[in-house]
Each structure stands twice: as C-alpha cells, then as structure tokens.
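Since the structure comes first, as structure tokens, the remarks are kept for the end.
Convention: sequence-line order gives letters A, B, ...; per-chain numbering from 1. Values reported hereafter were calculated over all heavy atoms of this structure, with side chains retained and with hydrogens, waters and symmetry mates removed.
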Amino acid sequence: MSIRVRYAPSPTGLQHIGGLRTALFNYLLAKSSGGSFILRIEDTDRERFDERSLQDIYDTFRWFGIQWDEGPDVGGPFGPYVQSERVTRYQEFALQLMGSGFAYEAFDSADDLREAREDGKQGYDPVFRDMPESEKQRYRDQGVQPVIRFRTPDEGTTVFEDAVLGRVKRKNRDIVTDPVLLKSDGFPTYHLAVVVDDHHMEISHVLRGQEWVPTTGLHVLLYEALGWEPPTFCHLPMVLGKDGQKLSKRHGATSVVEFRNAGYLPEAVMNYLSRLGWSYDDSREFFSRNDLETLFDVAKLSKSPAVFDYRKLDWFNGSYIREKSDAEIHDLILPFLLREGLISDPPETGQQSTIRTAVPLIKERMRVLSDAPDLLRFVLADISEWNVDELVPKKTPAADVPWYLERAKELIRDADAVPDEVLEERFRATATELGVKLGNLLMPLRVAVTGSTASPPLFGAIRLLGIETSIARVDACITLLNNST
RNA sequence: GUCACCUUCGUCUAGUGGUUAGGACACCGGGUUUUCAUCCCGGCAACGGGGGUUCAAUUCCCCCAGGUGAUGCCA
C-alpha cells in the first residue's frame, strides 16, 4: 500500500519554523517513497482561528517551495481538507462511540473546569460517566449543552510501535481521564478529528512532534473503539532554543516569514532544517531539495531533541548565496534595497546597472540578503559625515593624511581605464615613496569613498561610485581633516 | 505531583561489543588578500553518574540524576 502522509497545521498564528520542519519531513517521506503528501487545515478551535494565519500557511509553503498532492486548494479524493467543513462527520462518530458505550455526554460547565484546573486540581473527575439518564435529563431540561467525552479504561495497557522511538507503552489509567471528543459548540477536539480524518484520508504514517507522544495512547484507544487500524506513528524530536527550552520568540526569529524577511533563502532553510533530527552519513552537509527527496529515510531520524543554531543557518545561507548567479542575487536583493529606501520602485536604470555591477563585489560578503543594503549604502546614498578616527590610520600623524588623500586622488583619476593590478602597482610605488605601508595609503581612501573601514574591494567600489563622486568625497575628507587639526 | 520520552565535543550529528570516537557550525591560531569577507591549512573540544553482563563496554541490561513534554470544551 502506498504511503500517505499529511501536515495538519492549525491556523491560529504564523507558521512556526518547527512546524515547517515537520511539514518538510512529511513531504520528504512522501517523495522518497513515491507516496502522497496531504495538507489538512485543522481549524476546529473557532476562538483562536485567524484568517491571516491561514493565508500565511499558503504563502509560507509557496516560498519554501514544497507542494502537496491533496489539500484545500488543489482538492483530492478525500476532501474537504478543512476540518470545519467536516463537522458532521465527527459528530456521527462521536454518536457512534456513544452508542457503543465508549463515550458519554457530560454537562460540566467550562468555567467550573477551568477554575478547578487553576486551583491546581489534577485530572478530571468523571462525575457524568455513569450517571443515569434520568438525572442527565435534568441538565438537558435546564438547557445545558453537553460535551461528549471518551470513556478511558481504568485497566490495561496501550502499546504502539513508533518508527522512531520503538515500542511505547502506557498504562490506561495514566492516560488522561475521559477527554472531551466533541465540544459543546459541536466541533471536535483534536483527538477525535485527527483520528477520524487520518483514518478516512487513509494516512499511513503520522509524522508529528514528540509533544504528541503522551496523547498517542489515547489516539490508539480511539482507533480501537472505532474498529480501525492505527497508522504508523513516527514522533519527531523537538526543536529547542539555545537554553534547551521550546524554541520561542526570545531565542530569535521563530515564524517562517521572519526568516524570509531577514533574507534567508528557502533552499538554505530547507537544508538546515533537514539536519535537525535527521542525518545521512558521517560527513555530508549539503542537500538540495532533490537530494532530500531521494535520500530521506525515517530510519535515520534521531530521538533526541535538537537545538536550533542560528549561526549554522547563517553559514548555510551564505554558502547558498555564493552559489547563486549574479543575476539571481540582483533580483533577490532588490526588495531589501527598496525596503531600506535605497532605490526607487521600480529601480531607475542607473540603479539597476549599479546593482548589477555591484553584485560580484558583495556576494561573498553577504550571509543574509538583508546584508545588501548596508554593503551598498555607500553607492546608493550620499555620505555626509565621516568618522575622523577611522580616516586616520593607526600610528599615523593626522596631519599627514590630507596629503595621502591628495596623492591617492591623483592616482584614481583614470581608474576607469586602468586595471586593478596597475592601479595597485601605482599605490605601492607611492607608498614606498612616502615611506608608509600600502594599507596606510589605502585605508583613508577607503574610508573617504565608502564611509567605512570595511568595504567591497576599493578600486571596484570607486568605479561603481564613479570617479567624480569618489574624488568629491576625498576632497570633502581633506577639508574635514584640515579643519579638525 | 503524576506519567511519558530523551541523554556522544558549546551546537547539529556519525559511529562500533575491541576505533587515535569521525564530520560540520561556532571558537582559537596560521596562510592568501588593498579593508572586510571568501578561500586554504591547523588546533581546541564529547560518550551524564553508578551498578551489572562480558576477556572487553560509548555501544547490551538495570538504577539514579538531569532535561524536555503531557496532564485543556488548544492544537
């Protein structure tokens, strides 16, 4: 039988990077096995539902570059793929479970339950479990909307075979007591909905985070009560922050859009995410989507949680940026330059060509696409202030610097017509003549032209900026230095 | 509290009943270089603790500790 997996996000917030990793592993299992990947929207919590989150799910995956075979937008033989459109189905099965004695109506008030929990009361006291019909009728007469609760067995043990964890056992009395299956608003809880849908969508493997391990026993019990065969469970190690706690805001970016906005490439994110809890061999680090689609194997999943390392992601991202063509980088950084107000929308032709020639100079200096604005600011915006300390090299009399700059200015006048090596030779000769190190001659020029001690290669930067503007900046710095000494 | 799961360098991980326990990121040092970056070379650094089993345990078993998770009319 063919493998069918699903990713089932709940549209109650922006897609989390950890969720994206779960989705990726599901997708990869489907691809590597020739199976199907299904997207199902789990929107049974009507209070927390958020339309923007739903849109975010689609946006995120389009950016990330993985596609599902069945889902709300593409359809499929097991639709609808949105749980709120399947409520009658859950109600039927809740009723069926009641009929077979596995479930019953309960009339607790939600407020009372919440209060009891806040008072530190452990577990649920199943007062309605065996209450006679006549007594329950009194609640109905008062207009109390019942919920349907599952009757968890007090004895026995539930076992399931996990593809990652192996055999997991749990005593039935340790499984949460009589959980709600159908809420008073008629919507199912996760437990009912996930079992009903996974069965009806013929899901063969459930890959989900390890936070679900404790409730899997309940799910197995539900499969049994419904007379269904449970799927293969495969609980993925969790993704943690640096402090070992669940990855959250205070560790840095957590939602996928944030990574996108920070200038991470989808292929780098995918490669990095694939290393979290999965490995191929003892040395390989780089995996394209295509590699992963063929090499992914559940057997190589690990059990222990992984800490999200932003620095390693940066390293991957920088590597992927360097592998891209100049034309691709050009297109990719445009939105980031625009966002910083460095170019107009659409970019002027002058800006276009400036950026085009600049890309080779900055490509190996970027770790994220959002590094581009800072690297190119010197050529896309005016510089009105210079840091005098940076203009004057260490162990150099400040009074000498204007003179260096004068000499440098003459040397770059015909930079457009002269190759780097020749230019450099001239600077070397001049440095020797002045009895200073090459760097002491070049650094003031670099700071004058680019406004910073760290910049793209100087001669390229000068040509990029234009000789005239470069010289004007040098002159401004000469004046500045003369006035400050 | 109870229950469940987890435990190899700081981090991601490979690995085997006998290995100098391997790779990558980070970090440190060196080289290339007009700065920064890239690139290259080198270095640092780990089997949580205690019991077993065994000729031999990082590897198999048990206990402990620590970590995380669940304990919702959230998913």
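With a 6.0 Å cutoff to the six-membered ring centre and a 45° limit on the axis angle, A:Arg140 does not count as a cation-pi contact of A:Phe107.
Looking at heavy-atom distances under 4.0 Å, A:Ser184 makes contact with a base. Residue A:Phe459 is in base contact, counting any heavy-atom pair closer than 4.0 Å across all strands shown. Among the heavy atoms of the strands lying under 4.0 Å from A:Leu113 is at least one base atom, whether or not backbone atoms are also near. Residue A:Gly439 is out of contact with every strand shown, counting any heavy-atom pair closer than 4.0 Å. Nucleic acid contact for A:Gly277: sugar-phosphate only, since backbone atoms but no base atoms lie under 4.0 Å from a heavy atom of the residue. Contacts of A:Val180 with the nucleic acid, taken as non-hydrogen atoms under 4.0 Å apart, involve only primed sugar atoms and P, OP1 or OP2. Residue contacts shown for A:Asp108 include a base, since a base heavy atom lies under 4.0 Å away. Base contact: A:Thr453 has a heavy atom under 4.0 Å from a base atom. At a threshold of 4.0 angstrom between heavy atoms, the contacts of A:Pro237 with the nucleic acid are absent.
For a distance-only test at 3.5 Å, the side chain of A:Lys169 fails to qualify as a donor-acceptor partner of the base of B:A4. No N or O donor and acceptor, one from the side chain of A:Thr189 and one from the base of B:C73, sit under 3.5 Å apart. A:Arg446 contributes a side-chain N or O that forms a donor-acceptor pair with the base of B:U34 under 3.5 Å.
When distances are taken from the side chain of A:Lys183 to each of B:C74, B:A70, B:U35, the shortest belongs to B:C74. Comparing atom distances between the A:Arg311 side chain and each of B:A75, B:C25, B:C6 picks out B:C25 as nearest.
The aromatic rings of A:Tyr58 and A:Trp68 lie tilted to each other, with the angle between the two planes from 30° to 60°. Using the six-membered ring where Trp is involved, A:Phe25 and A:Phe296 have ring planes that are tilted, between 30° and 60° apart.
Put simply, CD on A:Glu390 is 11 Å from C1' on B:U35, counting in whole angstrom units. Protein atom CZ of A:Phe316 is 12 Å distant from nucleotide atom P of B:U13, rounded to whole Å.
Within the 4.5 Å cutoff, the side chain of A:Leu376 has heavy atoms near those of the A:Ile333 side chain.
For residues 150-179 of chain A, every residue pair satisfying the ring pair (Phe, Tyr, Trp, His ring centres under 6.0 Å) rule, not counting sequence neighbours, is listed here: A:Phe160-A:Phe233.
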